[in-house]
Amino acid sequence: MSEIRVRFAPSPTGPLHIGGVRTALYNFLFARQSKGRFILRIEDTDQKRFVPGAEEYILESLSWAGLNIDEGPVQGGPYGPYRQSERRDIYKKYSEQLLKDGHAYMAFDTPEELEAMRERMRKEGNPSPQYNAITRQYMKNSLTLPADEVEKRLAAGEPYVIRIKMPRNEEVKVKDLIRGWVSFQSNQLDDKVLVKADGLPTYHLANVVDDHLMKISHVIRGEEWLPSTPLHVLLYRYLGWEESMPEFAHLPLILRPDGKGKLSKRDGDRLGIPVYPITWKDPASGEESMGFREKGFFPEAFVNMLAFLGWNPGSDQEIFSLDELIKAFSIERIGKAGARFDIEKARWFNQQFLKQKDDAELASMLRPYLEKEGVKAEDAYLVQVCRLMKERAAFIPDIYSEGKYFFAPVEAYDEKIVAKKWNDSVKPFFTALRQRLTDINPFEKEEIEKAVKSEMELKGMKFGQVLPVFRVMLCGTVAGPPIFDVAELLGKEEVLMRMDRFMERYA
RNA sequence: GGCCCCUUCGUCUAGUGGUUAGGACGCAAGGUUUUCAUCCUUGAAACAGGAGUUCGAUUCUCCUAGGGGCUGCCA
C-alpha cells in the first residue's frame, strides 16, 4: 500500500474557524494513525482576498492545538513549495495541456460582459445562469471566435481566462468515503474557470494539480466541496491521473448553536461564544474576536471536543488525549449529518481536563491571568488555592474569578445572608470566636474547627446559624471551598482582619 | 429555482429487520457535602411524516416535508 499523505489546505483570507480546525484535526489524526504525512498547503491564489497575518494565525492555531505539520511552507518538504502563489509556473504546464487536448478553452469575456449575460438570463427566468455548453456559444471564446481573431486578441495581450470544456451528457461518479457513491450529470455542471486573467489558477485546478504532485492519498475536506468534486474528477481524468486519484471524504459541516445555518463569526459575537481557536484581531477593522485559547480552553479539551463534533469512537469513552484520538480515529465512524456546536458540552470537556491536572500545574497556568489582573501571590499559596478551587472551576480563569477573596479583601458581602443570619444572637458568638482564634498556633483547620465547635456548644448554636456568616465574613459569599480550609489558607492575621472589618461594618 | 448532501431525546451521538431504542451534555429530583462545586442515585426527554417491501420496520425502498451546501476570474 502506498504511503498515506493528507493535506490541510486553508486559504489565508482570515482566521481559521473551528470547522477548519476540525478538518485539520481529522486530517492530522488520519495521517498519524496510518504513519502517514500531514501536509499544510496554503491556498493563496486569490491575491485580492489576502489578509495579512492570516497565514501566521493558521500556523499558530494548529501549533496550539498540537497538530504538528510534517510538510509545509515553514518546514519545507520534498514536494514544495507549499504556497500556491509560489507554484505559478507549475500550473501553467497543465493548463496548456488541457488546452492542447481540447478539454479547456480560452474565454475573453470581460467581467461586465459576463454580468450582462447573467443579468439577461436572470430576466428570462434562470436564477443561476451558467457558462456552459449552451451559453458558451454566444460568448467570446476560442470555441466561437475564428482562429485568427483569437490569435489577434492573444497578440494584443488581451486578458483571458481558461475554462474547462464540460462534456455533455456524461455521468460523473464520485466515491466518497463517508457518503458512498454520489453521481452528477455533467450537463448540470458549468465551464468553470481554471485559470484567471491574472494567470493564477482557481482552486479547482491548483487543488487537483497540487494534490497529484504532492502525492496526496486522501482528500479530507468540508462538505461544501462535494458539489465541485465531479469537476475535480474530470480534471484528474483529463490530466491522465485518474488511476492515482486520491480518495475523497467530505466532512459534515459544523452548524450554529441555535437557529439555522453554519457557524459564523457573527454567532460568536451574538452569543458570546468563541468560534476561533485563538483570538483574532481583524487588521482592517481592528475588531477582536476572542479565541478558545483566550477563553481558557486547554488545547487537549478543545481538540477532544472538536473530534466529537461529527465523529465518535463507538464506545462510551468520551475523554481522549490526542494520542488516544490518533489510535481510535477512523473515517468510517465520521457521521453524515451536520453537527451543532454546543458551548455547554465544550465547557464540560474542559472541566474534565482541568480536574485531571495537578495543583502545581494549574497554579502555573493561572499565573499569567493573575499577572494580567495585577495580582501577586506566592507560588505555594497559589498551589493551595488551586487545590481548593479546582473542583469548582471549568476554566483556569474561574479559579481566580470565583476565588478573588483569596487574593484581595472582600469587596461585597452577600447582603441576603447578612440580613438573614447576622443578628444579635450571633454577634457575641463571633466576638468570642475572634478571641479564641487569636490563641490558635499554628493556625490549622482542625484547630479552627475545634474552636468554632466548642464556642458553638458553649453558646448553644447550630452550624446553620454560624457558618454562613463566618463564610461571608471571610469570602463575601456563601459559595466556596470548605470554610476551615479557606481560613487556614488565608492565615490567622487575614482572618482576624476580615472578621474585624465585617463586624465593624455591620456593628 | 436547479443540482447535491443530510434527518434517532433540546444538543452530541450509539444501535438493530423483532431491543424496556443505549450513552454523554444540559435539565429536574434525591443523597453526600455545615455552603457552593464535585461525586452518587433516579427521572423527564428521540427514531420527521406518508406509502411500500416484510410475519414484523427506527433499521430496506420510494415520496413528501424540513435542514444544509453549492450555484464567482472566492476558497
Side-chain angles (χ1 to χ4, degrees), chain A residues 9-13 43-46 48-49 107 109-111 114-115 118 122 125-131 159-163 174 176 178-179 182-185 187-190 192-204 206-207 221-230 250 252-253 255 257-258 260-262 305 308-319 333 335-349 351 355 389-394 398 402 417 449 452-453 456 462-468 470-472 475 477-484:
Chain A
S11 62
T13 53
E43 309 229 328
D44 57 348
T45 54
D46 185 2
K48 292 190 294 294
R49 293 210 309 160
D109 318 282
T110 65
L114 284 172
E115 190 38 51
R118 293 196 177 105
R122 272 194 286 267
N126 185 341
S128 55
Q130 293 187 318
Y131 201 115
Y160 65 93
V161 300
I162 297 175
R163 289 180 180 271
V174 174
D176 184 273
I178 294 169
R179 285 152 227 283
V182 182
S183 91
F184 299 81
Q185 291 300 324
N187 292 3
Q188 298 288 341
L189 274 20
D190 59 350
K192 279 272 178 301
V193 170
L194 264 18
V195 179
K196 297 177 271 187
D198 63 7
L200 280 168
T202 57
Y203 173 86
H204 307 293
N207 159 69
R221 71 211 324 184
E223 195 184 0
E224 69 267 27
W225 293 107
L226 190 54
S228 46
T229 307
H250 289 95
L253 267 16
L255 276 14
D258 66 338
K260 300 163 193 278
K262 61 176 180 179
M305 176 274 290
F308 270 71
L309 241 37
W311 170 87
N312 76 84
S315 71
D316 279 351
Q317 184 182 351
E318 291 206 273
I319 301 303
R333 295 202 67 88
K336 292 177 169 70
R340 228 170 275 270
F341 169 66
D342 179 9
I343 189 70
E344 287 300 330
K345 186 95 186 215
R347 180 190 152 86
W348 175 81
F349 272 111
Q351 190 180 125
K355 273 163 56 182
M389 290 302 291
K390 81 178 190 189
E391 294 280 272
R392 274 149 269 265
D398 293 350
E402 300 296 311
I417 299 294
E449 184 168 358
V452 170
K453 278 185 176 162
M456 272 169 48
K462 296 201 171 80
F463 277 128
Q465 290 176 276
V466 160
L467 258 15
F470 192 33
R471 188 176 279 284
V472 168
C475 309
T477 162
V478 284
I483 190 60
F484 302 119

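Order of the sequence lines fixes the chain letters, A, B, ..., with proteins taken first and strands second; residue numbering starts at 1 for each chain.
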Requested in this report: Could you give the distance separating B:U8 and B:G49 at their P atoms, to the nearest angstrom?
Outcome: 11 Å

Query raised in the report: In whole Å, what is the span from the CG atom of A:L194 to the P atom of B:G72?
Result: 15 Å

Report summary line: Per atom distances to the A:P127 side chain, the nearest of B:G1, B:U7, B:A75 is B:G1

Query raised in the report: P atom, B:A46 versus B:G1: distance in rounded Å?
Result: 32 Å

Query - Partners meeting ring-ring contact (aromatic ring centres under 6.0 Å, His included) with A:Y160 (sequence neighbours left out) - result: A:F108

Query raised in the report: When you compare B:C70 with B:A14, how far apart are their C1' atoms, in angstrom units rounded to a whole number?
Result: 31 Å

Query - B:C3: pairing nucleotide in any strand, Watson-Crick or G-U under 3.5 angstrom - result: B:G69

Report summary line: Taken to the nearest whole Å, CD/A:E344 to C1'/B:C25 is 8 Å

Query raised in the report: Considering residues at least two apart in sequence or located in another chain, which fulfil the salt bridge (charged side-chain N to carboxylate O under 4.0 Å, His left out) criterion with A:K48?
Result: A:D46

Query raised in the report: In whole Å, what separates the C1' atom of B:U41 from that of B:G18?
Result: 32 Å

**Report entry** Among B:U71, B:C70, B:U35, the one nearest A:V478 by side-chain distance
**Finding:** B:U35

Requested in this report: Apply side chain to side chain contact (heavy atoms under 4.5 Å, CB included) to A:I417 and A:R471, showing your working.
Outcome: CA-CA 10 Å; A:I417 299 294; A:R471 188 176 279 284; over 6 Å; no

Query raised in the report: Taking any strand in view, what nucleotide pairs with B:C55 in a Watson-Crick or G-U wobble way, both distances under 3.5 Å?
Result: B:G18

Report summary line: Judged by nearest nucleotide, the residue sitting upstream toward the 5' end of RNA chain B, A:Y160 or A:P227, is A:P227

Query raised in the report: For A:M389 and B:U35, what is the distance between atoms CE and P respectively, to the nearest whole Å?
Result: 17 Å

Report task. May I ask you to say what A:L114 touches in the nucleic acid, namely base, sugar-phosphate or nothing, with a heavy-atom cut-off under 4.0 Å? Result -> base

Report task. Check salt bridge (charged side-chain N to carboxylate O under 4.0 Å, His left out) between A:E402 and all other residues, then give those that pass, not counting sequence neighbours. Result -> none

**Report entry** B:A75 phosphate, OP1 or OP2, under 4.0 Å from A:K196 side-chain N/O
**Finding:** yes

Report task. Scan A:P111 against the nucleic acid and name what it touches under 4.0 Å (heavy atoms): base, sugar-phosphate only, or nothing. Result -> base

Requested in this report: Check the angle between the aromatic planes of A:F484 and A:F470 and answer parallel, tilted or perpendicular using the 30° and 60° thresholds.
Outcome: tilted

Query raised in the report: Phosphate oxygens OP1/OP2 of B:C25: is one of them under 4.0 Å from a side-chain N or O of A:R347?
Result: no

Report task. Look at the side-chain N and O atoms of A:K48 and state whether any lies under 4.0 Å from the OP1 or OP2 oxygen of B:A75. Result -> no

**Report entry** Counterpart residues, ring-ring contact (aromatic ring centres under 6.0 Å, His included), relative to A:W348 (two or more places apart)
**Finding:** none

Query raised in the report: What does A:Y131 touch in the nucleic acid at a heavy-atom separation under 4.0 angstrom: a base, only the sugar-phosphate, or nothing?
Result: nothing

Query raised in the report: To the nearest angstrom, how far is A:E402 atom CD from B:U35 atom C1'?
Result: 14 Å

Query raised in the report: Does A:K462 offer a backbone N or O that forms a donor-acceptor pair with the side chain of A:Q465 under 3.5 Å?
Result: yes

Query - Value in whole Å for how far the C1' atom of B:G72 lies from NE2 of A:H204 - result: 9 Å

Query raised in the report: When every nucleotide of nucleotides 11-17 of chain B is labelled 5' to 3' by its protein contacts under 4.0 Å (heavy atoms), B for base, S for sugar-phosphate only, - for none, what sequence of letters results?
Result: SSSSS--

**Report entry** Nucleotide forming a Watson-Crick or wobble pair with B:A45, both distances under 3.5 Å
**Finding:** none

Report task. Output yes when a side-chain donor or acceptor of A:R347 lies under 3.5 Å from a complementary backbone atom of A:A394, and no otherwise. Result -> no

Report task. Using the C1' atom on both, measure B:A57 against B:A51 and round to a whole Å. Result -> 13 Å

Query raised in the report: Nearest-Å distance, CD (A:Q130) to P (B:G72)?
Result: 8 Å

Report task. Kindly write out the residues that satisfy salt bridge (charged side-chain N to carboxylate O under 4.0 Å, His left out) with A:K196, not counting sequence neighbours, or none if the list is empty. Result -> none

Requested in this report: Using salt bridge (charged side-chain N to carboxylate O under 4.0 Å, His left out) as the criterion, list what pairs up with A:K453, not counting sequence neighbours.
Outcome: A:E449

Query raised in the report: Looking across every strand, which nucleic acid part, if any, lies under 4.0 Å from A:R49 by heavy atom: base, sugar-phosphate, or nothing?
Result: base

Requested in this report: Could you tell me whether A:F184 contacts a base, only the sugar-phosphate backbone, or nothing, with contacts defined as non-hydrogen atoms closer than 4.0 Å?
Outcome: sugar-phosphate

Query raised in the report: In whole angstroms, how far is the P atom of B:G69 from the CG atom of A:L253?
Result: 7 Å

**Report entry** Given B:G1, B:C4, B:C73, the nucleotide with the shortest approach to the side chain of A:V161
**Finding:** B:C73

Requested in this report: For B:A29 versus B:A44, give the span between their P atoms, rounded off to a whole number of Å.
Outcome: 15 Å

Requested in this report: Let me know the distance between CG of A:D316 and C1' of B:G23, rounded to the nearest Å.
Outcome: 5 Å

Query raised in the report: With the threshold set at 4.0 Å, does a side-chain nitrogen-carboxylate oxygen contact exist between A:E223 and A:K336?
Result: no

Requested in this report: May I ask you to evaluate whether A:T45 reaches the phosphate of B:A75, defined as a side-chain N or O under 4.0 Å from OP1 or OP2?
Outcome: yes

Query raised in the report: With sugar-phosphate meaning primed atoms plus P, OP1 and OP2, does A:R221 contact a base, only sugar-phosphate, or nothing at under 4.0 Å between heavy atoms?
Result: nothing

**Report entry** Closest-nucleotide ordering on RNA chain B, the 5'-leading residue of A:E223 and A:Q188
**Finding:** A:Q188

Report task. For nucleotides B:U53 and B:C63, find the distance between their C1' atoms and express it as a whole number of Å. Result -> 15 Å

Query raised in the report: Which part of the nucleic acid, if any, lies within contact of A:D109, taking any heavy atom under 4.0 Å across all strands shown: a base, the sugar-phosphate backbone alone, or nothing?
Result: base

Report task. Would you please name every residue forming a side-chain hydrogen bond (donor to acceptor under 3.5 Å, both in side chains) with A:R333, sequence neighbours left out? Result -> A:N312

Distances for protein N or O near nucleotides 37-44 of chain B N or O, under 3.5 Å:
unit_1, atom_1, unit_2, atom_2, d
B:A37, O2', A:E391, O, 2.4
B:U38, O3', A:K355, NZ, 3.4
B:U38, O2', A:E391, OE1, 2.9
B:C39, OP1, A:K355, NZ, 2.9

Query - Integer angstrom distance from the C1' of B:U58 to that of B:C9 - result: 14 Å

